Structure formats: structure tokens, C-alpha cells
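For reference, the structure discussed in these notes is given below.
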Protein chains: 2
Amino acid sequence: MAAHTHDHPTPGAWSAHATEALARRGGRRSTARDAVLGALAAQDCCASAQEIHDRLRGQGNRVGIASVYRTLELLHEHGLVTRVDTGDGVARFEPALPGGEHHHHAVCTRCGSVEAFADDALEAAIHAIGDRVDFEVTGHDVALRGRCRACRAA
Amino acid sequence: MAAHTHDHPTPGAWSAHATEALARRGGRRSTARDAVLGALAAQDCCASAQEIHDRLRGQGNRVGIASVYRTLELLHEHGLVTRVDTGDGVARFEPALPGGEHHHHAVCTRCGSVEAFADDALEAAIHAIGDRVDFEVTGHDVALRGRCRACRAA
DNA sequence: GTCTAGTTGATAATGGTTATCATTACCGGC
DNA sequence: GCCGGTAATGATAACCATTATCAACTAGAC
């Protein structure tokens with residue numbers, strides 16, 4: 001499939017996978033971490049630490065911003081979350097599925113909105129590069145820049 | 001060609017192109033701007049504003065850091081420079097050739113080093129996406145993540 | 001030479017992210 | 001069920017790249 005509306009990963013599946021991975025790592029369970037996990041599982045696409053924090057506070061959760069950052073870092077270290085940099089100076093994060101399925105992002109240079117897309121041919125091309133470069137490729141990012149539908153109309 | 005050592009664009013060619021583009025835009029000539037242009041033309045791959053500033057100061061040039069940022073912004077607005085975000089919170093810049101030829105970057109997750117690579121198949125795949133998405137694509141970025149040769153050996 | 005407005009550069013302000021540290025609370029052992 | 005140790009928390013200070021401010025400077029037109 002190419003460039004369609006991206007399917008959101010089943011929230012429960014990722015949540016369970018992430019919780020299990022953290023348990024395997026050792027360490028304690030905490031409410032702050034659970035809250036961030038829940039917020040991540042519930043989101044459609046990438047979200048910044050501040051956005052996650054605001055959302056949690058909005059629903060009455062008194063999580064500290066530091067714990068949001070710490071949890072995101074922890075998840076990122078374990079490959080449970082994908083970091084997305086759109087170039088505006090804020091890091092965004094989204095759940096990373098265990099199977100490796102993922103999408104990329106189209107960033108509007110006018111309004112800053114982010115849309116997801118996936119493309120098999122692109123993945124194939126990137127995979128082929130890995131076999132030729134003198135570099136051990138473990139991951140990749142693709143960002144398209146341009147105008148979203150709304151900004152083209154405006 | 002794919003994944004070879006990237007050829008550095010002839011420094012003089014880009015420099016002339018950029019100078020001419022800025023002249024066409026109007027405005028004054030300035031020593032600070034010329035200095036940043038010179039530094040950009042001389043660099044092999046992307047460099048941060050701070051790096052450019054340090055290099056200029058190192059060779060006795062009393063350019064203010066603000067002017068470096070201003071010049072980079074100006075060049076970026078005119079498409080004369082490409083902005084590269086490696087995810088470490090610092091923006092890097094490199095000359096953008098008028099023809100549109102460009103390369104992408106492989107970022108080492110261990111030491112942070114950046115290498116350039118180019119791949120025609122990748123470009124073709126990205127171009128094909130543009131025809132299918134409901135998004136007016138004007139540019140794109142690709143970043144590979146992994147281990148560079150040196151860090152694999154270490 | 002003079003005038004004017006684009007540029008400069010030192011510095012303050014901004015804002016996302018990270019470090020600090022006293023307090024809290026999870027969890028195994030008793 | 002209670003303790004003790006320690007991982008984790010959260011408020012806040014520190015950090016640092018970037019941006020805004022503004023008086024001084026200067027390129028270029030007349």
C-alpha cells in the first residue's frame with residue numbers, strides 16, 4: 001500500500017508489549033510511567049513531551065514533566081518508541097511496533113502539521129542501501145516537506 | 001551511483017551562485033555575510049552555526065554569532081542552503097546546489113558522526129510518493145541511523 | 001561628504017530539554 | 001503487616017541552541 005490513511009496500531013497490543021519489555025528489564029512499576037504509556041498508546045500519531053504532559057494533567061493526572069521526559073527516554077532506549085524530529089526544535093514520540101512496521105511523516109512547512117504515510121517501495125529502496133554502505137544501518141527516518149491540503153487551499 | 005564517497009560540490013560554483021542570488025534579491029553586501037558564505041563553500045559536509053562561528057573566529061574573523069544565524073536563515077529562505085537535523089538538538093547546514101542534486105546522511109548513534117550518501121533508487125521512490133499523496137511535496141530528508149565503521153570496530 | 005536604511009554584534013530573552021535533590025512509594029525480606 | 005533500601009518522582013534550577021533587541025556602524029545613492 002502507498003500513501004493511504006495510516007492504520008493506527010492496536011493500542012492494547014503495543015501497551016502490553018511495552019509493559020512486558022519494561023518488566024523484563026527489571027526495576028519498579030510506577031504510576032507516572034503507566035500514565036505516559038497509556039497516553040502514548042492512545043495517540044494517533046506523534047506527540048511531544050509537552051503535549052503528553054498537558055493531556056495527562058488535563059485528565060487530572062499530576063505527573064511531573066520530568067517524568068514524562070524520563071519515561072520517553074527510557075522507552076526510546078528500549079526501542080519501544082520512535083522519535084520524530086520535524087525540525088521545529090521539539091521532539092515528538094510515537095509507539096514503535098515490535099514487528100518493525102512503521103510509517104514516515106509529511107511535515108507542512110506552513111502550519112507545521114504532521115501527517116503519516118507508508119510506502120513499501122521506499123522501504124525497499126532504503127533496505128537496499130543498507131547492503132551497500134559501509135555503515136551498519138539500524139534505523140531510518142524519512143520526512144517529506146511541503147504543503148498540506150489545507151494550506152494549499154488557503 | 002549508490003552509497004559511494006560523496007563528491008564535494010565545487011566550492012567556487014556554489015559560492016558564485018549564492019552570491020548572485022543574494023545580489024538579485026537586493027540589499028547590501030556585508031563582510032559578515034561574505035565570511036559565512038566562504039565558510040559554507042569550504043566545508044565538506046554539514047556544519048552547525050556554532051561550528052561555522054568557531055571556524056571564522058579561529059581565522060581571526062570577528063563575526064558575531066547572531067550574524068551567522070541570520071545569514072543561514074537568509075540562505076535557507078532562498079533555498080541556497082540545506083538544513084540537516086540529526087536529532088541532537090543542533091541544526092546543521094550545507095550548500096544546496098542549484099541543480100537539485102543532493103545527498104542524505106547516515107548518523108552514528110554512538111559517536112554522532114555524520115556521513116553523506118546518495119542513492120538514485122531512493123530518490124526515485126520518494127519522487128513516486130509525491131505523485132500519490134495528497135500533499136504538495138517540495139523537499140525531503142532521509143536519515144539513516146546506526147553504527148559508523150569506527151564505532152563498529154570499537 | 002552626507003544621509004539613510006540595511007547590517008552588525010553584544011547581550012538579553014526564550015523555550016525545550018536535562019540535571020539536581022529532597023521526598024515518596026514500590027517491593028522483597030522479615 | 002512492617003521495615004529498609006532504593007528506584008522513581010516532581011518541583012525547580014541549570015543548560016544550551018536559537019531568537020529578539022537595540023544602539024552603533026557602514027554600504028551605497030545622491
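Lettering follows sequence order; numbering is per chain, from 1. The structure displayed is predicted, hence computed values, not measured ones. Atom set for the values below is all heavy atoms of this structure, side chains included, hydrogens, waters and symmetry mates excluded.
A residue-by-residue look at G64(A) and A49(B) shows that G64(A) has its nearest nucleotide of DNA chain D further toward the 5' end. Nearer to the 5' terminus of DNA chain C, by closest-nucleotide assignment, is the contact made by R25(B) (compared with the other of R25(B) and R57(B)).
At whole-Å resolution of the value, CD1 in I65(A) and P in dT20(C) are 19 Å apart. Here the P atom of nucleotide dT8(C) and the CG atom of N61(B) are 11 Å apart, to the nearest Å. Atom CG in D88(B) sits about 19 Å away from atom P in dC15(D), given to the nearest Å. Between L74(A) atom CG and dA8(D) atom C1' the separation is 11 Å, expressed in whole Å. For the pair I52(B) CD1 and dG9(C) C1', the interatomic distance rounds to 17 Å; values are reported in whole Å. Rounded to whole Å, the distance from CG on L75(A) to P on dA8(D) is 12 Å. We find that CZ of F93(A) is positioned 10 Å from C1' of dT17(C), with the value rounded to whole Å. If you measure from atom CD of E73(B) to atom C1' of dA20(D), you get 11 Å, rounded to the nearest angstrom.
Base engagement by A66(B) is indicated by at least one non-hydrogen atom pair under 4.0 Å involving a base atom. In this structure, R83(A) reaches neither bases nor backbone, as no heavy-atom distance under 4.0 Å exists between it and the strands shown.
The side chain of R29(A) lies closest to dC26(C) when the candidates are dG28(D), dG9(C), dC26(C). For Q50(B), taking side-chain heavy atoms from C-beta onward, the closest of the listed nucleotides dA10(C), dT18(D), dG28(D) is dT18(D). For R28(B), the listed nucleotide lying nearest its side chain is dT4(C); candidates were dT8(C), dT4(C), dT18(D).
We find that R24(B) and E20(B) are joined by a salt bridge, their nearest charged nitrogen and carboxylate oxygen being less than 4.0 Å apart.
Regarding contacts with the backbone of dT19(D), every side-chain N or O of Y69(B) stays at 4.0 angstrom or more from both OP1 and OP2. Here R33(A) reaches the OP1 or OP2 of dA8(D): one of its side-chain N or O atoms lies under 4.0 Å away.
Formation of a donor-acceptor pair under 3.5 Å by the R110(A) side chain with backbone atoms of A150(A) is not found in this model.
Residues G79(B) and A96(B) come closest through the heavy atom pair O-CB, 3.6 Å.
For dT7(C), the base has no donor-acceptor partner in the side chain of R70(B) [N/O atoms by modelled type, under 3.5 angstrom].
Contact of the L72(A) side chain with the L40(A) side chain is registered, since non-hydrogen atoms from C-beta on lie closer than 4.5 Å.
Residues E94(A) and H102(A) have side chains that never bring a donor and an acceptor to within less than 3.5 angstrom of each other.
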